[in-house]
Number of protein chains: 2
Amino acid sequence: MENNAKKRQRPGRANIKLEDVAIHAGVSPATVSRFLNNPKVVSEEAKKRIKAAIATLGYMPHRAARALASNHSRTIGAVVPTLDNAIFSRQIMAFQNRLAFNGYTLLLAVSEYDADSEFQQARVLLEHGVEALMLVGERRSAEFYSLLTRVGVPFVNTWLYRSDSIHPCCGFIHDSTQQVLVDHLVGLGHRRLSVITGQPENNDRVATRLNAIVAALESHGLDLDPRCVINTHYSYADGREALRRLMALDEQPTAVLAGNDVLASGVLFEAHSQGIDVPGHLSVTGFGDLAISEHLYPPLTTIRTPKEEIGEAAADFLIARLAGRETPDRTELPARFCLRASTGPAATPALAHGIGGDGF
Amino acid sequence: MENNAKKRQRPGRANIKLEDVAIHAGVSPATVSRFLNNPKVVSEEAKKRIKAAIATLGYMPHRAARALASNHSRTIGAVVPTLDNAIFSRQIMAFQNRLAFNGYTLLLAVSEYDADSEFQQARVLLEHGVEALMLVGERRSAEFYSLLTRVGVPFVNTWLYRSDSIHPCCGFIHDSTQQVLVDHLVGLGHRRLSVITGQPENNDRVATRLNAIVAALESHGLDLDPRCVINTHYSYADGREALRRLMALDEQPTAVLAGNDVLASGVLFEAHSQGIDVPGHLSVTGFGDLAISEHLYPPLTTIRTPKEEIGEAAADFLIARLAGRETPDRTELPARFCLRASTGPAATPALAHGIGGDGF
DNA sequence: CTGTTAGCGCTTTCAT
DNA sequence: ATGAAAGCGCTAACAG
């Protein structure tokens, strides 16, 4: 017992291996391996003894060794822009839950809306041998896509659906969500709309929605004054500040399309403290339908996005692919219009510096 | 080129391995390995050729093989109760960010506040060879702790600090946060307080805070009417409903201590729609200080918890441990009292069915 | 500074 | 149904 003293103990693991279990159970390692991976080919007798051995020894399989030998890591990766937004956290929760249920473990990375970081992190996940990858959005470098196909792991772009996408995707059609919102507002008599949204450079969904708004307005013969478009970050304070800037215009918009519910909430808060009546003087729409949105004053008219559904569908898709099952490349999970009380008929445009007659 | 046709291609990986790089660069595999792990011991000449080989072949290291050979997976695991709560998502973001910066990858699991699930998921992470583990809370089975010590991976309990804890921890002292809140309210003249919080059975922090409230009240010679304690879940709707139940009591409380800011928001929303004046008729406190809390009507008096700081401190602690660096077992990251406008002097207790004189 | 040589713990043919 | 044996891709002595 002193000959291999130099052989370092695995730090960080109970040192019991499959072979120990085999010895203890009086079978070969191969049989224990079969028991672990395909128990039905093992005799009842052996099964019983192996089970007992595992229990008494407290054996834990070594997944890296298994991954090396079998080419299956039983891990799936995800790279999301942030977890700050309840939207992605819910997607990830649903995703992880589905993975765990199917015996997969999640490797998670956050890109912070940075394309290079997304690429870099995805590389690392691939090095770790993730068998599949969930991503957000679809705009990424050719190099990234070529890595993905070269490595050959299944992947899925989430949060968007395009029937003509060349990549697997699951999500909804962003354009129509904005069309619905614009139709709604224009139908209420709004002619001068404004937009407060994120950074289209780092976010293809934002870019798509912005274009869709312009197109929708055009379809009504309206256009979008560039001064009425504010690109900002996703915080309450940013939403508030954006509204202040909009209200400082000499021709004020009668409605604001906020890029997400956080921004919309900020707008509502700022409107409240400035005594701007919503929807009397100003209509506000959001995007995302956070849990809080229906409770705001007034409850927010918004688009409900299928956060959990996307996470689940992405997991199901990848798992099906890994199992060799046929499954459609693209899944549409519709977003829904939620009509609430933050939108109403357009008032005559408030005059600069002349708002705030009632409220407050 | 047909002799090893049976040798399956690694599905899911570019088939280039370290040996190929070595051949291409005209060096031995060992040198390539050194280049990867400790470049400074490799000659400039070799470095150059290896770099080129890696680039032209598009080589990606196989981390499972590396983990097997070196006993280092370069992964760290985390099990959190949920990501629904902005609190844990921010912690995880900060944690992951710090890990990635130090070359570690995050394996994430969600327990949904279930002790068995937490144990089970931690096991899986350990099987995957995580070199360290971040957990939330400290109440778990002896079996769990014994696994942790047997396996010998560093771990840290987060979201709490106890100077006498036998386990590494980072967070704050829950008791004093509640003491501050109670002192504040009692100082304002409140004598009949109520509590709306989570499920103490599944959450040791909740249990601790609840006990701390009772103790704090006692220190003022007050006690907590059991009918004024509502254990519920963390949603806006639950907060609203809880307030309704409280207001239905024949002796109504003049203040509510909500277990977190989501619940507190729900209380505020319900108060608003019932026309209950806050803080005129009812004072409300939260816990957590979410981004939205300062924007609510009225802005919420709450406790700011150090979410990101906990994630970072946990990462730093584990990384230091893995690097063999000395580092204290326990880190206190104080929570701070945020006095805002949702608390005020106690009114004379509102009579049952007689509230709501002004508002709405 | 570099190459050679053994494995890391497990799976998987191929026999039996 | 089971065992023997040959690696999976990489690292880590050791020797030079």
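So you know, we letter chains A, B, ... as the sequences are listed, proteins then strands, and number each from 1.
For R34(B) and dG3(C), a side-chain-to-base donor-acceptor distance below 3.5 Å is present, hydrogens and geometry of angles not being considered.
No engagement by V32(B) is indicated, since no non-hydrogen atom pair under 4.0 Å with the nucleic acid exists.
In this structure E326(A) satisfies the side chain to side chain donor-acceptor pair (under 3.5 Å) test with no other residue, sequence neighbours excluded. In this view, Y161(B) satisfies the ring-ring contact (aromatic ring centres under 6.0 Å, His included) rule with no residue, not counting sequence neighbours. Among residues two or more places apart in sequence or in another chain, the side chain to side chain contact (heavy atoms under 4.5 Å, CB included) test is passed with R34(B) by A30(B), T31(B), V41(B), V42(B). By the salt bridge (charged side-chain N to carboxylate O under 4.0 Å, His left out) test, K48(B) pairs with E45(B), sequence neighbours left out. Legend: residues meeting side chain to side chain contact (heavy atoms under 4.5 Å, CB included) with I23(B), ordered by chain and number and at least two apart, are E19(B).
At whole-Å resolution of the value, NE2 in H72(B) and C1' in dA12(D) are 11 Å apart. To the nearest angstrom, P of dT11(C) lies 6 Å from CG of L36(A). Nucleotide dG9(D) holds its P atom 10 Å from the OH atom of Y59(B), rounded to whole Å. Taking atom CG on N38(B) and atom P on dC10(D), their separation rounds to 18 Å, with Å as the unit. dG9(C) atom P lies 15 Å from atom CD of E127(B), rounded to whole Å. Look at CG on N37(A): it is 9 Å from C1' on dC10(C), rounded to the nearest Å. Rounded to a whole Å, the CZ atom of F35(B) is 12 Å from the P atom of dT2(C). Taking atom CG of L18(B) as the reference point, atom C1' of dC8(D) lies 13 Å away to the nearest angstrom.
Looking at the side chain of H62(A), the nearest of the listed nucleotides dG9(C), dT11(D), dG3(D) is dG9(C). If you check dC10(D), dG3(C), dC10(C) against the side chain of A65(B), the one that comes closest is dC10(D). Here the nucleotide nearest the side chain of A69(A), chosen from dG9(D), dT11(C), dT2(D), is dT11(C).
At a non-hydrogen distance threshold of 4.0 Å, V42(A), S43(A), A46(A) from residues 42-55 of chain A come into contact with DNA chain D.
The side chain of S70(A) contributes no N or O atom lying less than 4.0 Å from OP1 or OP2 of dT12(C).
Taking the nucleotide of DNA chain C with the nearest heavy atom to each of G26(B) and R66(A), the more 5' of the two is matched to G26(B).
Ring centroids of H167(B) and Y145(B) are separated by less than 6.0 Å, placing the two rings close together.
For the atom pair CE of M93(B) and CD of Q91(B), the computed distance is 11.5 Å after rounding to the nearest 0.5 Å.
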